[in-house]
S.K.: 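Structure in structure tokens, see below.
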Amino acid sequence: MLKLDNHLSGRHFLHIPGPSPVPSRILRAISYQTIDHRGPEFGEFGLKVLDGIQKIFKTKHPVIIYSASGTGSWEGALVNVLNPGDKVLFYETGQFANLWWALADKIGLQAEVIGKAGKDTWRWGVDASVIEERLRKDTQHEIKAVCVVHNETSTGMTSDIAAVRKAMDAAKHPALLLVDSVSGLGSADYRHDEWGVDVTVSGSQKGLMLPPGIGFNALSPKAIEASKHSKIPKAYLAWDEILEANKTGYWPTTPSTNLMYGLHEAIDMMMAEGLDTIFARHQRLAEACRRAVTAWGLENQCQDATAYSPVLTAAVVPDGMDADVLRKHALQKFNLSLGTGLGKLKGKIFRIGHLGECNELSLMAALSGTEMSLGAMGYKPKESGVVAAQEFLK
């Protein structure tokens, strides 16, 4: 038997920015007996889930549910609305923006990556004016889609998607707007319809509090129309058969039945708490975490105060300290998992997740373990981050 939860005493403090801790209520739902995914009970259940997930995305339009990770949903978004060789504009905000454009390149699209000139784009949110300027130059409308990351988990930044849509409209450019909100959905305010997004990509393992394994594409009518003319080869990821089957609560292939039980329960929990209350809770915990980082004398990887993420905080370690050594100590000594630095930030930052099923005391435990680990590394904080966070939270 696997021993993946075998610790000497106490609970494991999972404070990476996803996968996030799975509430017991959701785990119990996932454990229900699997039913016939072609039977009448499942059809009724499927319709409930599809209706519920629309509320989370704040859309009246279809939401595709894949048995896939966020990466699979990235690919689903691209292959359903584009054609081989199409030009796609990506705005770089960190590792996940880069991975998305690398995927686009692999499937035969022409990816162009932009960012604000003279700025380290891994420290600042999306500057919509840069997108507008680039689109105005594309007088032949060769760019078919603009891809941005709503919440960049690698750097702790949340970008203004409404401003991106406004910039695209100001440029009078017909490109589709594709947004990655894998880590933002359910943790940071997100409005698919109101913000004019054509495809929103997300996943189950972050703000939705589920294990990995479910991916999403929230669609617009414009995206659905574009999908009818897409020539990129696809089968499993194709929307058409899924949309047709979903009309009666079914899927053309075998869905992740038990994970969907969990999704149903997560939606129930989130609607009971209220999305605005959830977003306010995340903002409150994020501010407490940032105050702790400042008190320690560490720098926030995000330098844009308007883009601070409510999902996680990325802290830059002092010169001479290896963030992964700090993380190893926190895990071994305090049973605390902190997020690693990704890409060019490996060893330079650690990330504290405060998303999903997180409250004041669970955050305080993470901050306490981090502060003690910093001390074990020989670092003397300017002040106690634990006290700074307590003062704010109380």
S.K.: Between His282 and Pro310, is there a donor-acceptor pair closer than 3.5 Å when you use the side chain of the first and the backbone of the second?
M.R.: no
S.K.: Can the ring centroids of Tyr190 and His150 be said to lie less than 6.0 angstrom from one another?
M.R.: yes
S.K.: Could you tell me whether Glu133 and Arg136 make a salt bridge, using a distance below 4.0 angstrom between a side-chain N and a carboxylate O?
M.R.: no
S.K.: So, for Asn83 and Asp86, which heavy atoms are closest and what is the spacing to 0.1 Å?
M.R.: N-OD2, 2.8 Å
S.K.: Determine, stepwise, if the pair Leu367 / Gln390 fulfils side-chain contact (heavy atoms from CB on, under 4.5 Å).
M.R.: CA-CA 10 Å; Leu367 295 178; Gln390 282 176 337; over 6 Å; no
S.K.: Any side-chain donor paired with an acceptor under 3.5 Å for Glu92 and Asn98?
M.R.: yes
S.K.: Pair Met260, Lys48 - check side-chain contact (heavy atoms from CB on, under 4.5 Å), show working.
M.R.: CA-CA 11 Å; Met260 287 181 62; Lys48 289 181 180 177; over 6 Å; no
S.K.: Apply salt bridge (Lys or Arg N to Asp or Glu O under 4.0 Å) to the pair Asp189 and Lys58, showing each step before the final yes or no.
M.R.: CA-CA 10 Å; Asp189 190 15; Lys58 295 187 178 180; 3.2 Å; yes
S.K.: Give a yes-or-no answer on whether the side chains of Thr313 and His354 include a donor-acceptor pair shorter than 3.5 Å.
M.R.: yes
S.K.: If you apply the rule salt bridge (Lys or Arg N to Asp or Glu O under 4.0 Å), what do you find for Glu299 with Arg123, and how did you get there?
M.R.: CA-CA 11 Å; Glu299 194 175 23; Arg123 307 204 76 172; 3.6 Å; yes
S.K.: Under 4.5 Å between side-chain heavy atoms, counting indirect links through other Ile/Leu/Val/Met/Phe/Trp/Tyr residues: same cluster for Met209 and Ile352 or not?
M.R.: no
S.K.: Please answer whether the main-chain N or O of Met364 pairs with a side-chain N or O of Ser368 as donor and acceptor at a distance below 3.5 Å.
M.R.: no
S.K.: Measure up the Phe42 and Trp251 rings against each other and bin them: parallel (under 30°), tilted (30 to 60°), perpendicular (over 60°).
M.R.: perpendicular
S.K.: Using a 3.5 Å distance criterion without hydrogens, assess whether the side chain of Arg291 forms a donor-acceptor pair with backbone atoms of Ala388.
M.R.: no
S.K.: Do we see a donor-acceptor contact under 3.5 Å between the side chains of Ser220 and Asp198?
M.R.: yes
S.K.: Hey, does the Lys NZ or Arg CZ of Lys344 hover above the aromatic six-ring of Trp122, less than 6.0 Å from the centre and inside 45° of the axis?
M.R.: yes
S.K.: Hey, which of His141, Glu142, Glu112, Gln110 is the one that makes side-chain hydrogen bond (donor to acceptor under 3.5 Å, both in side chains) with Lys87?
M.R.: Glu142
S.K.: Less than 4.0 Å between a side-chain N and a carboxylate O, is that true for Asp127 and Lys119?
M.R.: no
S.K.: Quick check with a 6.0 Å cut-off and a 45 degree axis cone: is Arg11 positioned over the face of Phe13's six-membered ring?
M.R.: yes
S.K.: Can a donor-acceptor pair be found, under 3.5 Å and without considering hydrogens, that links the side chain of Thr155 to the backbone of Thr93?
M.R.: yes
S.K.: Could you tell me whether Arg28 and Glu265 make a salt bridge, using a distance below 4.0 angstrom between a side-chain N and a carboxylate O?
M.R.: no
S.K.: Shortest non-hydrogen contact from Gly52 to Ile267?
M.R.: C-CD1, 3.7 Å
S.K.: Aromatic rings His264 and Phe45: how do their planes relate, parallel, tilted or perpendicular, breaks at 30° and 60°?
M.R.: tilted
S.K.: For Glu273, does the CD atom sit with more than 12 other heavy atoms under 6.0 Å from it, leaving out its own atoms?
M.R.: yes
S.K.: Before accepting this row, confirm whether a basic side-chain N of the pair Asp138/Arg134 lies closer than 4.0 Å to the acidic partner's carboxylate O.
M.R.: no
S.K.: Ring-plane angle category for Trp100 and Trp74, please: parallel below 30°, perpendicular beyond 60°, tilted otherwise.
M.R.: parallel
S.K.: Taking the side chain from Ser202 and the backbone from Ser181, do they hold a donor-acceptor pair closer than 3.5 Å?
M.R.: yes
S.K.: With a 6.0 Å cut-off (strictly less than), is the heavy-atom count around NZ of Lys234, excluding the residue itself, greater than 12?
M.R.: yes
S.K.: Indicate whether any N or O donor in one side chain lies under 3.5 Å from an N or O acceptor in the other, for Ser384 and Glu371.
M.R.: yes
S.K.: Less than 4.0 angstrom from a charged side-chain N to a carboxylate O is my criterion; do Glu244 and Lys247 meet it?
M.R.: yes
S.K.: Which atom pair, heavy atoms only, marks the closest approach of Val182 to Lys206?
M.R.: O-CG, 3.3 Å
S.K.: Minimum heavy-atom separation for Phe90 to Ala104, with atom names?
M.R.: CZ-CB, 3.7 Å
S.K.: Between Ser309 (side chain) and Met157 (backbone), is there a donor-acceptor pair under 3.5 Å?
M.R.: no
S.K.: Is there a path of hydrophobic side-chain contacts, each under 4.5 Å between heavy atoms of I/L/V/M/F/W/Y residues, joining Leu47 to Leu243?
M.R.: no
S.K.: Measure the CG-NZ distance between Asp160 and Lys166 for me, rounded to the nearest 0.5 Å.
M.R.: 9.5 Å
S.K.: Quick one: do Ser362 and His15 satisfy side-chain contact (heavy atoms from CB on, under 4.5 Å)? Show the steps, please.
M.R.: CA-CA 9 Å; Ser362 55; His15 282 273; 4.3 Å; yes
S.K.: Testing Thr306, Asp304, Asn151 one by one against Thr158 for a side-chain hydrogen bond (donor to acceptor under 3.5 Å, both in side chains), which residue passes?
M.R.: Asn151
S.K.: Taking Tyr308 as the starting point, is it possible to reach Val126 by hopping between hydrophobic residues whose side chains are less than 4.5 Å apart?
M.R.: no
S.K.: Go through the steps to decide whether Arg25 and Asp268 satisfy the test salt bridge (Lys or Arg N to Asp or Glu O under 4.0 Å), and finish with yes or no.
M.R.: CA-CA 11 Å; Arg25 179 174 161 182; Asp268 237 20; 3.7 Å; yes
S.K.: Output yes when Glu225 and Lys222 qualify as a salt bridge under the 4.0 Å nitrogen-oxygen rule, no when they do not.
M.R.: no
S.K.: Counting only N and O atoms by type, is there a donor-acceptor contact under 3.5 Å from the side chain of Tyr236 to the main-chain atoms of Tyr66?
M.R.: no
S.K.: Using a 3.5 Å distance criterion without hydrogens, assess whether the side chain of Asn217 forms a donor-acceptor pair with backbone atoms of Ser73.
M.R.: yes
S.K.: Test of understanding: clusters of I, L, V, M, F, W, Y form through side-chain heavy atoms closer than 4.5 Å, transitively. Do Leu336 and Leu326 belong to the same one?
M.R.: yes
S.K.: Verify whether one side chain among Thr34 and Thr257 offers a donor that lies under 3.5 Å from an acceptor in the other.
M.R.: no
S.K.: Do Tyr261 and Ile35 have side chains that get closer than 4.5 Å, going by heavy atoms?
M.R.: yes
S.K.: CG/Leu185 to CZ/Phe57 distance, rounded to the nearest 0.5 angstrom?
M.R.: 4.5 Å
S.K.: Do the side chains of Lys328 and Asp324 get close enough for a salt bridge, i.e. N-O under 4.0 angstrom?
M.R.: no
S.K.: Looking only at heavy atoms, which two atoms of Ser373 and Gly369 are closest? And how far apart?
M.R.: OG-O, 2.8 Å
S.K.: Is the closest basic N to carboxylate O distance between Arg281 and Glu360 below 4.0 Å?
M.R.: no
S.K.: Indicate yes or no for a side-chain donor-acceptor contact from Gln301 to the backbone of Ile349 under 3.5 Å, with no hydrogens or angles considered.
M.R.: no
S.K.: Considering non-hydrogen atoms only, spot the tightest contact between His37 and Tyr250 and give its length.
M.R.: O-CD2, 3.3 Å
S.K.: Decide yes or no on side-chain contact (heavy atoms from CB on, under 4.5 Å) for Leu263 and Ile53, but give the supporting numbers first.
M.R.: CA-CA 8 Å; Leu263 176 59; Ile53 197 62; 4.2 Å; yes
S.K.: Keeping Ser230 on the side-chain end and Leu82 on the backbone end, is there a donor-acceptor pair under 3.5 Å?
M.R.: yes
S.K.: Cluster question for you: counting only ILVMFWY and a side-chain heavy-atom cut-off of under 4.5 Å, with indirect links fine, are Phe350 and Val316 together?
M.R.: no
S.K.: Please round to the nearest 0.5 Å and tell me the distance separating atom CD1 of Ile143 and atom CE of Met168.
M.R.: 9.5 Å
S.K.: What is the distance from atom CG of Leu338 to atom CG of Leu312, rounded to the nearest 0.5 Å?
M.R.: 11.5 Å
